[in-house]
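First up is the structure itself, then whatever we jot down about it.
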Protein chains: 2
Amino acid sequence: MAEMTELTERQEKILNVIIRNYLETGEPVGSRTISKNSDLNLSSATIRNEMSDLEELGYILQPHTSAGRIPSDKGYRFYVDHLMEQKDQEINEVKEMVVERTDQMEKMLKQVVKVLANSTQYATMISAPAVRGIRVRFVQLSAVNDHELLSVVVMDGNVVRNRIIKLEQSLSNEDILKLNMLLNTNLSGLTVNDINLALIQKMRQNAGSYSGIIAEVLENIAGTIESDEEREIYTSGATNIFKYPELSDSEKASHLISAFEDKGELKDLIEDIESDEDGNPNGIKVYIGNDIPSMQDCSVVTAKYDLGDGFKGTIGILGPKRMDYENVMRQLKQLKSQLGDIVHSSELPGTSSVKGIGKKEL
Amino acid sequence: MAEMTELTERQEKILNVIIRNYLETGEPVGSRTISKNSDLNLSSATIRNEMSDLEELGYILQPHTSAGRIPSDKGYRFYVDHLMEQKDQEINEVKEMVVERTDQMEKMLKQVVKVLANSTQYATMISAPAVRGIRVRFVQLSAVNDHELLSVVVMDGNVVRNRIIKLEQSLSNEDILKLNMLLNTNLSGLTVNDINLALIQKMRQNAGSYSGIIAEVLENIAGTIESDEEREIYTSGATNIFKYPELSDSEKASHLISAFEDKGELKDLIEDIESDEDGNPNGIKVYIGNDIPSMQDCSVVTAKYDLGDGFKGTIGILGPKRMDYENVMRQLKQLKSQLGDIVHSSELPGTSSVKGIGKKEL
DNA sequence: TGTTAGCACTCCTAACATTTGAGTGCTAAC
DNA sequence: GTTAGCACTCAAATGTTAGGAGTGCTAACA
């Protein structure tokens with residue numbers, strides 16, 4: 001960490017003006033502009049001296065010899081961490097953005113990214129909660145025909161998974177009834193993580209004549225729950241990157257859009273982010289430029305969400321380095337509280353509405 | 001239709017050379033090039049005369065006064081319909097594209113587009129079969145708790161849909177058992193299309209004391225089957241369009257990628273295509289440029305697939321107008337036969353789990 | 001000592017001019 | 001009917017120039 005004295009107050013002010021100006025215009029900003037646009041009455045010459053120092057300290061840089069200055073990654077970082085105003089109180093004035101009522105988790109997530117992409121004009125992503133941590137509420141086996149068994153698992157939040165299990169031997173209706181009893185009494189309230197070898201052993205002992213089949217079925221049920229697409233990621237607004245010239249040349253655009261298309265890279269990214277433990281007050285983090293090696297020209301703002309009952313995930317917003325951090329962070333913060341409301345208002349996530357996700361102009 | 005005599009044999013040859021050359025290079029092709037690259041021994045001057053005629057007839061055009069010629073939409077059309085060689089016999093030599101065996105419809109489709117995008121280097125899409133036409137094999141209601149009923153429907157190809165139904169009154173286990181019997185005897189073998197008012201009436205009459213609830217449940221089951229995402233479309237390789245300079249300027253790329261991102265436009269497109277009845281021998285069609293108004297700079301090659309049991313859909317490949325029609329059409333033809341094989345070899349497309357997320361009434 | 005005005009210098013950008021070359025159309029001769 | 005030759009066109013590449021925004025440095029000033 002830099003010591004508090006690294007920058008004088010005046011330097012901070014100048015840096016602030018530079019960054020704010022650059023966020024707006026996207027053009028390098030020169031000493032004269034600052035001299036005019038700032039309330040500190042200084043001549044351009046003085047500003048130049050300070051800028052020279054700021055450059056030496058690594059907060060700003062010159063694209064070429066006779067251009068104005070633009071913020072460096074370090075500059076952005078300082079801005080986000082110290083300079084940026086957090087005007088939480090204004091949230092309520094903000095234009096309402098409505099997430100329609102929906103009754104389905106997956107659908108809600110898709111809607112959230114869409115709304116967010118729309119209101120921020122950046123590319124957005126959201127990771128679906130890992131099913132592993134969600135509790136089983138109800139299990140049901142039923143015979144589709146002689147050698148096929150349908151297993152359905154209902155979990156918290158009415159997340160339902162199902163699979164068809166192929167059997168060697170056929171089971172009588174009575175058998176199935178008993179199996180269902182056995183499964184429900186033993187599995188209700190557990191998560192996938194809890195379905196381990198010890199449990200299977202214990203159940204086999206209680207299973208009597210079903211001991212043989214119980215292991216197979218349990219394994220299948222664990223598989224049923226995890227499905228295959230564990231940790232789906234939903235994205236939206238990938239094409240927003242075309243709005244920012246610094247990202248829309250073929251090379252970069254192609255790479256970014258690819259990442260949003262096949263999601264493998266995003267998955268890794270989100271995993272990294274989630275493992276990145278850090279006692280951040282509201283779970284919002286900002287990655288600037290080289291913080292994420294594969295996306296050097298971008299910044300990513302992320303927030304973790306937690307709807308209770310094990311429904312946890314991460315939201316990410318990707319834009320150019322000169323993205324409007326203030327606005328984005330404000331919107332994320334608001335979204336988080338709104339998502340929290342859902343849980344409180346309807347007892348179960350995925351059962352109700354999100355309303356009034358804020359949006360605001362500069 | 002143009003009369004057969006519109007083009008002389010020589011003109012056809014020249015047109016052929018122009019198009020082939022342009023497909024390869026993407027550059028306008030001039031008279032000298034043709035004179036050298038063709039087996040007909042003619043001077044560039046002669047070629048020029050012929051080209052002048054071809055231009056007048058609308059088969060080729062000049063980007064600007066002193067450039068070579070490029071094919072017009074009409075030219076491409078003529079090429080695809082008459083000039084292009086259909087070397088079916090070579091199919092076997094073609095590099096095999098492997099679609100891994102998979103037991104899940106959805107997964108298979110995703111894989112197919114991916115493989116196809118990879119092997120053609122164009123953007124690809126595939127429409128999932130409409131569930132409406134698939135037959136119900138098995139229905140199962142079960143009580144999750146006092147006021148929630150889980151309905152699961154298994155259809156041909158082991159496509160599974162489910163939904164949580166909210167009830168006012170609670171049902172005894174016996175009730176549910178009887179309801180299940182009733183539903184299965186009446187619905188097995190039907191498609192969603194068959195679940196209409198007449199059927200509901202008939203079932204109510206047979207339902208005795210359940211008459212009240214049967215309509216509600218049936219309606220929900222119809223809804224269950226259709227889910228919400230009817231006619232999902234899977235896409236892949238959208239970023240391939242960056243490989244073709246004529247499509248990769250911000251404007252066009254942005255539009256195309258958007259179309260592939262939110263799919264609404266593609267859905268309309270595929271609907272148009274599917275309604276486009278035309279006794280084409282193998283169901284492969286080529287849309288060039290203005291044939292699809294919203295995609296003037298592209299061509300789209302489409303093929304219908306039919307896996308039996310009502311599993312029908314459309315595959316589409318989108319590329320620049322100068323796409324390699326020959327190769328694309330060959331690959332589509334091959335894919336079609338391969339898809340047929342999958343069906344035969346495993347009896348049913350999709351033999352195992354389909355995931356779903358529970359749904360609740362508003 | 002910090003601030004400022006002035007000035008020379010750099011270097012990007014836009015505009016304009018020039019050159020080059022591929023390609024054409026036309027004409028006259030074979 | 002075919003071809004060689006020639007004048008012409010025009011896009012793209014290259015070169016040139018002027019303008020301007022911005023800088024660093026220095027000397028003067030409060």
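Only a predicted model underlies this, so the values are computations on that prediction, with no experimental measurement involved. All values below come from the heavy atoms of this structure, side chains included, with hydrogens, waters and symmetry mates left out.
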May I ask you to say whether A/Asp297 pairs ionically with A/Lys321, meaning some side-chain N is under 4.0 Å from a carboxylate O?
-> no
Hey, which of A/Leu116, A/Ile284, A/Thr124, A/Thr302 is the one that makes side chain to side chain contact (heavy atoms under 4.5 Å, CB included) with A/Ile315?
-> A/Leu116
OP1, OP2 of C/dC12 versus side-chain N and O of A/Thr65: anything below 4.0 Å?
-> no
Report yes if at least one side-chain N or O of A/Arg32 is closer than 4.0 Å to OP1 or OP2 of C/dA5; otherwise report no.
-> no
Per B/Ser43 side chain, nearest of listed nucleotides D/dA11, D/dT3, D/dG24 | D/dT3
Side chain A/Ser66 and base C/dT10 donor-acceptor under 3.5 Å = yes
B/Leu42 side-chain proximity, nearest of D/dC10, C/dC11, D/dT3 = D/dT3
Using a heavy-atom cut-off of under 4.0 Å over every strand shown, decide if A/Arg69 touches base, sugar-phosphate, or nothing.
-> sugar-phosphate
So, is A/Thr46 close to the C/dT3 phosphate, meaning a side-chain N or O under 4.0 Å from OP1 or OP2?
-> no
Please check if any side-chain donor atom of B/Ser31 sits under 3.5 Å from a side-chain acceptor atom of B/Arg48, or the reverse.
-> yes
In whole angstroms, how far is the P atom of C/dG23 from the CG atom of B/Asn21?
-> 10 Å
Side-chain donor or acceptor of A/Arg48 under 3.5 Å from a matching atom on the base of C/dG6?
-> yes
Give B/Ala45 one of three labels, base, sugar-phosphate or nothing, depending on what nucleic acid heavy atoms sit under 4.0 Å from its own.
-> base
Kindly assign one of parallel, tilted or perpendicular to the pair A/Tyr22 and A/Tyr76, based on the angle between their ring planes and the thresholds 30° and 60°.
-> tilted
